[in-house]
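Beneath this line is the structure, given in structure tokens, with notes to follow.
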Amino acid sequence: MTSAADPRPRLRRPSWAGRNYSLLTAAAFVTGLGANGALIAAAFAVLEAGGDGGDVGLVAAARTLPLVLFLLVGGAVADRLPRHRVMVAANALNCLSQAAFAVLVLTGEPRLWQMMLLTALGGTGQAFFSPAAEGMLMSSVRGEQAGRAFAVFRMAMQGAGLGGAALGGAMVAVVGPGWVLAADAAAFAVAGSLRAFLDVGHIPARERGGGLLADLREGWREFSGRPWLWGVVLQFSIANAVVGAADAVYGPLVARDHLGGAGPWGLALGFFGAGTVAGALLMTRWKPRRLLFVGTLCVFPLALPSAALAVPVPVGVLCAVMFLTGITLEVFGVSWMTALHQEIPEEKLSRVSAYDWFGSVALVPLATALAGPSESLFGRTASLWGCAVLVVVVTAAVLCVPDVRHLTRRTKPVAGRRTAEAPAGLRPRTPQDQAALDRAVPDQAVPGPAKADGGTGAPG
């Protein structure tokens, strides 16, 4: 018999899934559902308003341009102010801009400049959100479980992408893009409410420094002194640009002309999301020792979707290609996040993340804006083949950086780093506590689990 004093068995979260981590994961899932559908909705809103491929590219570029302009400032702000407040404010701006975009689409014919302006406001919010979010996530997990925690986080985020893309494409086909944009605005409101409850008490207060420019210089020194870091960011500055142009501009056009419209394109993006979920699930168990070497090898398949659209292949083949690409890219994504977590001091995470995002998206506005003229000059097929070739070339080039090939996994934090969310009652963790934890959990010698999400981070 069970004693009356015995507590009932309850489900417990893993030790690495603390309160902040759980809130961040839930909020990312909610915004992932809305954002992936909104990407499709925005493109088809432009097309339904009478725009062409060049107009779709201009709207996409309007979002990315302020993202590039304000990212570095956003990173410095996120390392100075409580990160959760920066995240909530950015979510509020995204909510309002998407709600206004939805109203325009639902009530009449939106003009191109109006769509560009509202999309630019969303990009501004993302510029402040992304560095704060990445720094907050990385400070919320313990070093020895970082790879698994990031894999589970990304699995939730990519699962939302799977559902959001498929549902968004279907909703655009059935009820139109305006309602999808309205749903995205509601998702930002819910996620911002969740993030308002984040606890930053475990993050030591920053010492007063020399101002914003001094913070940016310090972040640049941290970034530029690591060849593996700037090498991969340079790689993705080109890869993200051409893949962004293919997905935002050429993908909807190929879908309209050859695949049957928004529904099949949403289905293909959904299969990509399914692949990323499968890849994240794989990375909860697999921990490759040479993090960036394995991760970079898995970037080569990123060229396949552009090649498939260039042919173009049937919808079933495109879905299979997207699924495979999602798996391999997620291997890189988890490995990249793990490398940043173990190598970058906590108090500099947001600034380094800002340089990462800045480099990774800097060329996207140019690429999306030039997608239409490139199609007119070279043809859509040749432009898509060019996207695929560029991805292969820059990925092969980054493997020439020795640190990319040799950076290895470890579980002990970098010297001088203030990491991890400590259990309740133990904030902040003392050096003695960390030393005891390191003795209790020795370095793993087994091979074991990297950058993706646009700037190599998560959606707002």
Item to check | For Pro131 against Ala127, the heavy-atom pair lying closest together | outcome: CD-O, 3.2 Å
Item to check | CZ-CG distance between Phe272 and Leu324, expressed to the nearest 0.5 angstrom | outcome: 10.5 Å
Checklist outcome for this item: Nearest heavy-atom approach of Ala189 to Cys95 is CB-SG, 4.0 Å
Item to check | Exam field: side chain Arg19 to backbone Phe197, donor-acceptor pair closer than 3.5 Å | outcome: yes
Next on the checklist: Any heavy-atom pair between the side chains of Val299 and Gln235 that's under 4.5 Å?
Outcome noted: yes
Checklist entry - What distance separates Met283 CE from Phe150 CZ, expressed to the nearest 0.5 Å? => result 12.0 Å
Checklist entry - Can you list every side chain to side chain donor-acceptor pair (under 3.5 Å) pair that touches residues 162-177, not counting sequence neighbours? => result none
Checklist entry - Would you say Arg256's side chain and Phe44's backbone share a donor-acceptor pair under 3.5 angstrom? => result no
Checklist entry - Got a second to check how far Met116's CE is from Leu121's CG, nearest 0.5 Å? => result 12.0 Å
Checklist entry - Do the side chains of Met337 and Leu137 get nearer than 4.5 Å, heavy atoms only? => result yes
Next on the checklist: Looking at every non-hydrogen atom in both residues, tell me the closest pair between Ala151 and Ala280 and how far apart they are.
Outcome noted: O-CB, 3.4 Å
Checklist entry - Rounded to the nearest 0.5 Å, how far does CG of Leu194 lie from OG of Ser22? => result 11.0 Å
Checklist entry - Arg63 versus Gln126: any side-chain heavy-atom pair under 4.5 Å? => result yes
Checklist entry - Tyr250 side chain to Leu384 main-chain N or O, any donor-acceptor pair under 3.5 Å? => result no
Next on the checklist: Using every non-hydrogen atom in the two residues, find where Gly74 and Phe128 come nearest and quote the distance to one decimal.
Outcome noted: CA-CD2, 3.6 Å
Item to check | Distance in Å, Asn240 CG paired with Asp247 CG, rounded so as to fall on 0.5 Å steps | outcome: 10.0 Å
Checklist outcome for this item: Sorted by chain and number, sequence neighbours left out, side chain to side chain contact (heavy atoms under 4.5 Å, CB included) with Cys298 holds for Thr328, Val331
Checklist outcome for this item: When every non-hydrogen atom of Leu302 is compared with those of Ala239, the smallest separation belongs to CD2-CB, 4.5 Å
Checklist entry - Once you round to the nearest 0.5 Å, how far does OG of Ser360 lie from CG of Leu234? => result 9.5 Å
Checklist outcome for this item: By side chain to side chain contact (heavy atoms under 4.5 Å, CB included), Leu281 pairs with (sequence neighbours left out) Met155, Thr284
Checklist outcome for this item: Note: Ala132 and Met87 closest approach over all heavy atoms is CB-CG, 3.7 Å
Checklist entry - Do Phe300 and Thr325 touch side chain to side chain, with heavy atoms closer than 4.5 Å? => result no
Next on the checklist: Strictly by side chain to side chain donor-acceptor pair (under 3.5 Å), give each pair with a member in residues 177-189 just once, sequence neighbours left out.
Outcome noted: Gln98-Asp184
Checklist entry - What residues form a ring-ring contact (aromatic ring centres under 6.0 Å, His included) with Tyr355, not counting sequence neighbours? => result Trp220, Phe223
Item to check | side-chain contact (heavy atoms from CB on, under 4.5 Å) between Leu282 and Glu330, intermediate numbers included | outcome: CA-CA 9 Å; Leu282 169 67; Glu330 196 62 19; over 6 Å; no
Checklist entry - Do side-chain atoms of Ser306 reach the backbone of Ala303 as a donor and acceptor pair under 3.5 angstrom? => result no
Checklist outcome for this item: By side-chain hydrogen bond (donor to acceptor under 3.5 Å, both in side chains), Thr119 pairs with (sequence neighbours left out) none
Next on the checklist: Would Thr276 and Ile327 count as a side-chain contact (heavy atoms from CB on, under 4.5 Å) here? Give the steps.
Outcome noted: CA-CA 5 Å; Thr276 60; Ile327 292 176; over 6 Å; no
Next on the checklist: Please evaluate residues Met136 and Asn20 with respect to the criterion side-chain contact (heavy atoms from CB on, under 4.5 Å), reporting the C-alpha separation (whole Å), side-chain torsions for both, the decisive distance (0.1 Å), and the verdict.
Outcome noted: CA-CA 8 Å; Met136 195 75 202; Asn20 277 3; 3.3 Å; yes
Checklist entry - Does some side-chain heavy atom of Leu267 sit less than 4.5 Å from a side-chain heavy atom of Cys319? => result yes
Checklist entry - Does any non-hydrogen side-chain atom of Tyr21 lie less than 4.5 Å from one of Phe153? => result yes
Item to check | Residues forming a ring-ring contact (aromatic ring centres under 6.0 Å, His included) with Trp228, sequence neighbours excluded | outcome: Trp336
Next on the checklist: Is any side-chain heavy atom of Val394 closer than 4.5 Å to one of Val398?
Outcome noted: no
Item to check | Heavy-atom side-chain contact between Leu118 and Leu104 under 4.5 Å | outcome: yes
Checklist entry - Taking only residues two or more places apart in sequence, or in another chain, which ones meet Val242 in a side chain to side chain contact (heavy atoms under 4.5 Å, CB included)? => result Cys387, Leu390, Val391
Next on the checklist: Among residues at least two apart in sequence or on other chains, which ones pass side chain to side chain contact (heavy atoms under 4.5 Å, CB included) with Ala308?
Outcome noted: Val313, Leu318, Val321
Item to check | Intermediate values then yes/no, side-chain contact (heavy atoms from CB on, under 4.5 Å), Val277 and Arg154 | outcome: CA-CA 8 Å; Val277 172; Arg154 292 176 66 88; over 6 Å; no
Checklist entry - Taking Asn94 for the side chain and Phe188 for the main chain, is one N or O donor matched with an acceptor at less than 3.5 Å? => result no
Checklist entry - Taking the side chain from Glu343 and the backbone from Leu340, do they hold a donor-acceptor pair closer than 3.5 Å? => result no
Enumerate donor-acceptor pairs with a distance under 3.5 Å from any side-chain N or O in residues 161-169 to protein atoms, sequence neighbours excluded.
none

